[in-house]
Amino acid sequence: MNANTNTEQLYKDNVLGNYGLPPITFARGRGLRLWDDSGKEYLDFCSAIAVTSLGHCHPKLVAAIEEQVNELICVSNLYRNDVQARLAAKLNGKAGGNGKVFFCNSGTEANEALIKLARLHGCQKSGQDGKQYKIVCAKNAFHGRTFGGMSATPKENVRQGFSPLVEGFAFAELNDIDSFAAAIDANTAAVFIETIQGEGGVYPAEKPFLKDLRSLCSEREVLLMIDEVQCGLGRTGRFFAFEHAGIEPDAIGMAKGLGGGVPIGGVWVSDQYAKLFKPGSHGTTFGGTPLISAAALTVIETIEDEGLLENVIDNGAYVMQRLAELKSKNPNYIFDVRGLGFMIGIQIAESPAEVVTQLRDNGLIVPPAGSNVIRFLPALTATKDDFDEALGIFESVIKNRSATLPETQSA
Ligand SMILES: *Cc1c(COP(=O)(O)O)cnc(C)c1O
């Protein structure tokens, strides 16, 4: 029995079947490369879904974790730890400097904290718990798998079987300010959107829409809360994706890329609303412990020291250009190319499962999104050569696939 059959059996017998897993076991990673347990090499354009932002086992991240693991791994949030303080200062600086940060362990937990912030805000404004509690989200959004996150996520297959969900979520049309204006009523406490919808299929909120939404939220005195769990932390070439629109949200949720692979989530709340959280009003055991904070701090410092935002801007523009060419060469297969920086969605003429498998067989790992999109989410360290290699594999695979499709299909 080789290692792979053994792993496959152990999974079958012991791991909950909530993921549809392909017949492959990853064993090692370096930079943009992954190897499976048979030694086959892959180019990783999934990055654990926008998580391993420095690539696999970046030497600075490895060194920071090694150093911290020998100093102090964990203390309770009932006490201070210096690494969390420095990470909070770093993130607060990135968000403009006039706020406070709370650490948790995942994206959905960051969003839970934001949902609780909205409730606290509504309670304070109306003077009554449970009166002003509604949150307006976008159709096609994804905000996580806990009850709050799921309730902010209108997708049926995320919610199926879990009723009743949390009350008080309404859904408006992304990039349609009138739709949001109509959805906000006297019971609304906050608006909550992704700057670029990730799981939904890489749909960016447009800059004018974000500006109008900022004004609308200020006028109506509801919070503007932004989910930057996937698009944040440098992925679009700015530290936060909303910076492209020049807006200032009231609160930000982050996770995925923040720890470069270790589990961490965080929220930033502007000083005006940060005081709504008082001792005892929220908490978590593992958030911001020294080991995890040391990793996240190193991720941000490395993004700065290695000029990774510039890399994302430059190579992001390059790959968008190349994909636009591929689209015009393959109009019956590539219907749209969307996104910003290293968060790219390619809308194709079929559901993504088969092409994702063929790309993987040919050495390129990409995640699907929505019903007909594949994503490029490489590490922020990806070079022009990495993109050329990925595009070469992509082009050869889609050539075969588009040949199997009827000529007449269109968006
Ligand atoms: C992945 C994701 C989440 C959920 O994050 P988890 O760490 O899986 O809980 C929430 N919001 C967005 C935009 C995401 O992409």
Side-chain angles (χ1 to χ4, degrees), residues 16 18-19 45-53 102-118 135-155 157-159 162 165-166 169 171 174 190-205 210 224-236 239-242 249 251-268 284 286-288 292 295-296 299 338-345 366-370 373-378 380:
L16 194 71
N18 56 320
Y19 302 105
F45 266 42
C46 175
S47 311
I49 312 186
V51 166
T52 50
S53 43
F102 164 79
F103 293 109
C104 51
N105 315 287
S106 66
T108 201
E109 278 175 272
N111 292 341
E112 292 295 323
L114 294 181
I115 293 165
K116 288 174 83 170
L117 173 73
I135 299 177
V136 180
C137 302
K139 290 178 185 168
N140 197 47
F142 181 84
H143 294 295
R145 301 283 191 162
T146 50
F147 269 91
M150 217 172 22
S151 305
T153 300
K155 202 174 176 189
N157 70 346
V158 170
R159 301 168 147 223
F162 299 118
L165 299 184
V166 180
F169 289 86
F171 297 95
L174 187 71
V191 164
F192 182 33
I193 64 160
E194 296 156 270
T195 315
I196 302 178
Q197 293 186 336
E199 298 310 302
V202 190
Y203 289 97
L210 286 170
L224 176 58
M225 313 194 301
I226 303 277
D227 182 345
E228 290 259 336
V229 168
Q230 188 164 150
C231 60
L233 285 303
R235 182 141 295 278
T236 67
F239 194 78
F240 294 113
F242 63 74
I252 309 163
M254 51 198 128
K256 290 198 165 93
L258 177 55
V262 303
I264 181 169
V267 298
W268 176 90
T284 178
F286 291 117
I292 302 304
V299 167
R338 295 186 289 267
L340 206 52
F342 286 7
M343 182 167 181
I344 296 163
V366 298
V373 174
I374 63 169
R375 277 174 288 179
F376 281 1
L377 298 171
L380 310 187

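All ligand and atom numbering here is 1-based and tracks the order in the structure. The chain is numbered in sequence order, starting from 1.
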With F102 via ring pair (Phe, Tyr, Trp, His ring centres under 6.0 Å) - residues at least two apart: H282

Which residues satisfy the ring pair (Phe, Tyr, Trp, His ring centres under 6.0 Å) test with F103, sequence neighbours excluded? none

Name the one of I292, N105, V299 that satisfies side chain to side chain contact (heavy atoms under 4.5 Å, CB included) with I264? I292

Which residues pass the ring pair (Phe, Tyr, Trp, His ring centres under 6.0 Å) test with F192, not counting sequence neighbours? H143

Name the residues in contact with ligand 1, where contact means a heavy atom under 4.0 Å away: which are they? S106, G107, T108, N111, F142, H143, G144, E194, D227, V229, Q230, K256

Between the side chains of E228 and T195, does any donor sit under 3.5 Å from an acceptor? yes

Side chain of R235, backbone of F240: donor and acceptor closer than 3.5 Å? no

